[in-house]
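Chain letters run A, B, ... following the sequence lines, proteins first, then strands; residues in each count from 1.
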Number of protein chains: 2
Amino acid sequence: MSQDAAPRKGQRDTVSVTLQDIAAHAGVSRSTVSLVLRESPLVAERTRRKVQRSIKALGYVYNRGAAALRGSRTATLGVVVYDIANPFFGAMVAGIDAALHRQGYVSFLANSEDSPERQQRFLERMREHRVDGILLCPAEGTDPALIATLADWGLPCIQVLRHVGEPPFDYAGTDFRQGVCQAMDHLVALGHRRIAFLGGHREHSATRERWQGYRESLERHGLDYQRLLRATVTRRDGFTLIQQLMAESPAPTAVVCHNDLVAFGAMLGLKRMGLTPGVDCAVIGTDDLEEAALGDPALTSVATHPYAIGEEAARLALRRIADPAGAREQVVLAPRLQVRDSCGAPASSGPAASSGGHY
Amino acid sequence: MSQDAAPRKGQRDTVSVTLQDIAAHAGVSRSTVSLVLRESPLVAERTRRKVQRSIKALGYVYNRGAAALRGSRTATLGVVVYDIANPFFGAMVAGIDAALHRQGYVSFLANSEDSPERQQRFLERMREHRVDGILLCPAEGTDPALIATLADWGLPCIQVLRHVGEPPFDYAGTDFRQGVCQAMDHLVALGHRRIAFLGGHREHSATRERWQGYRESLERHGLDYQRLLRATVTRRDGFTLIQQLMAESPAPTAVVCHNDLVAFGAMLGLKRMGLTPGVDCAVIGTDDLEEAALGDPALTSVATHPYAIGEEAARLALRRIADPAGAREQVVLAPRLQVRDSCGAPASSGPAASSGGHY
DNA sequence: AAGTGCTTTTGGATTGATCCAAAAATAGAG
DNA sequence: CTCTATTTTTGGATCAATCCAAAAGCACTT
């Protein structure tokens, strides 16, 4: 009879070791063991060691679910992106992952595919799982009220890359406006005066910021030529649009692209027309993906540091969880123009210097 | 005094609505509400509706943590990949995500960066979170004993893409051997007789399978030329290795690459030498990433369907969770050669037909 | 009216940790 | 050798659900 109660070898997965068991083994109370596990400074050194020995001896596994039920943290976070197959987001998620891991956090990932409905379902599920916070790259068409809803739910939310709703909110991203300005300045310095902008999702903060940078730069440099082609953000779009554009008269001598994928497409489109990227038309991308350096020609690109954005977003989330009432923060990294071979001076001018304007 | 106990508007996050509250509101017991939530057929239709109305009225949020404590499932899964920034894995994760979401599951993601230590830490954390199962793309250098350890932990584990340890185990992937064979057959049919293989991680099932396909094909077609260049799996490797290879004498007339990234690098390397991919040397990739179709020239590639692999892996995981003692399964998808412009007949022969061998 | 076989519903025990106020042990001062 | 002050330790209540055996309700027979 009493034999039945003994823990059976090799079948431990049914009956798991609990705090109680360790307490008994170490000759202390449940509470003390709990304190040891949470590395409380209250516990005396000798006791701590004794308990830790018992933990090892019994092969104890901490039950985070049980801890979360009584405590206030789950040490989990929800991460929503809209296109995980895009290497930009891959790198960003890698950054998030690295930063969270260091702090003992772990994250649920969802791919919204830019569908607000999918996004909503995932967020509701995250609420049921009692995550400590959310990292959100809002899907296109996200209701701005969502941010307030999450606040009502008591769920800290850090927006990443794009943002919706009214400030103040927590946000981590890059200064896309400044990035485009850098690209434009560089082109103007090389002598370009007809510069087009290629691509950009419909209505989004990240797109608006780029367009703003484009328009501002035109004005600042007193350029008349303005050509802003909206489109989605794929390689194929770049391929198609550049060919339309180069058939116009006058054609641009340079294009700045919404992202690297569009730029790759544009370079390919130029080649398809028998033109040489960087000679017949300068091309600048945005993101500086790994492949940019190995393009043909190597692509000049505005580096937006997705890995770093991910890290910053994760850190910000942890700060907000620690201090939910703290002032909202906006971490905006500075982009950096990575100059390579895809943009030279305009065709008619020599390999001339930084004083623009002989076109 | 008693006013203080009343739930305060707009501050509901401190005191949450529980089953008990709903039971009281609907005039039934806690157990009945629980049954309704789990869609048990035991509950009478009238009762169900009454309870559901109360759930809506009180704005109840299911607490999955509490449910998991008493019940046996957490409806969560751990997913480990080794390079989330690689678009192949991005697509795979998207497939996993889609399949899990449909079943109400949600997944923790970790990026091991091919470090067995990071992988180990994550798996331990997953155990503490009591996930129902693991989808594992084992990091390079993973101890084969890991699979047995996970089994000891009572954690179902589906290996994806690569596998370690002894069969039987659960696995989802592609038949890489067959993929390489398809590529080789195609090249031989076009008249190629000197075909090299480029790239491949050190020791891995997924690499071994490809090499096996290469060697088998050489033998089957009676080819003497054999050149297998090991390397890691990046664009840069392809770029470097192809240039070494083409400087040899005799040089190959075609290369099959470990993945598309290596193939892109190889095409770029050929151009750098003044050669034309698809004319001076045929190139075939593996994976068929989105960018393959838009390469210059468009890349012929063995499609390995990462999204589908992700879906299959997720489905297999759910099956194994439902039936932990069931027979182990290996879901191996068939790859498909996607013919494009990067491989023609060898330079000296005409645009000749399917009867190989005039070289 | 009692008995039979269903379908529904129920309360108490249980899961495994944390919180908290209070008790116990120890150190230091007079 | 007390008495206080400080450091450690503790047990009971609690978190919010599920499990399970038993009770209640209900429709039919007989």
(request) Taking Asp132(B) for its side chain and Leu77(B) for its backbone only, find out whether a donor-acceptor pair lies under 3.5 Å. (result) no

Shortest side-chain distance from [X], nucleotide among [options]:
X	options	value
Ser29(A)	dG11(C), dT10(D), dA17(D)	dT10(D)
Leu42(A)	dT8(D), dG11(C), dA17(D)	dT8(D)
Ser16(B)	dA17(D), dA16(D), dT9(C)	dA16(D)

(message) With a 6.0 Å cut-off on the ring centroids, do Phe122(A) and Phe108(A) count as close?
(response)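 Ring-ring flag for Phe122(A)/Phe108(A): false, centres at least 6.0 Å apart.
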
(message) Is the phosphate of dT9(C) approached by Thr32(B) (side-chain N or O, under 4.0 Å from OP1 or OP2)?
(response)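 No, outside the criterion.
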
(message) Does dT9(D) have OP1 or OP2 under 4.0 Å away from a side-chain N or O of Ser31(A)?
(response) no

Rounded to the Å, how far apart are [X] [atom1] and [N] [atom2]?
X	N	atom1	atom2	result
Tyr60(A)	dG16(C)	OH	P	10 Å
Leu35(B)	dC20(D)	CG	C1'	11 Å
Gln20(B)	dC15(D)	CD	P	11 Å
Leu69(A)	dA17(C)	CG	P	12 Å
Glu128(A)	dA16(D)	CD	C1'	14 Å
Glu45(B)	dT7(C)	CD	C1'	14 Å

(message) Could you tell me if Arg162(A) sits above the aromatic ring of Tyr82(A), with its cationic atom closer than 6.0 Å to the ring centre and no more than 45 degrees from the axis?
(response)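 Yes - Arg162(A) lies over the ring of Tyr82(A), closer than 6.0 Å to its centre and within 45° of its axis.
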
(message) Below 30° counts as parallel, above 60° as perpendicular, anything between as tilted: where do the rings of Tyr171(A) and His163(A) land?
(response)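 The arrangement is perpendicular - the two ring planes meet at more than 60°.
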
(message) Is there, by distance only and without an angle test, a donor paired with an acceptor across the side chain of Arg70(B) and the base of dG16(C) below 3.5 Å?
(response) no

(request) Report yes or no: is there a donor-acceptor pair, N or O only, under 3.5 Å between the side chain of Arg30(B) and the base of dG12(C)? (result)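 A donor-acceptor contact between them is present.
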
Touch check for [X], heavy atoms < 4.0 angstrom, all strands: base, sugar-phosphate only, or nothing?
X	answer
Arg38(A)	sugar-phosphate
Thr47(B)	sugar-phosphate
Thr18(A)	sugar-phosphate

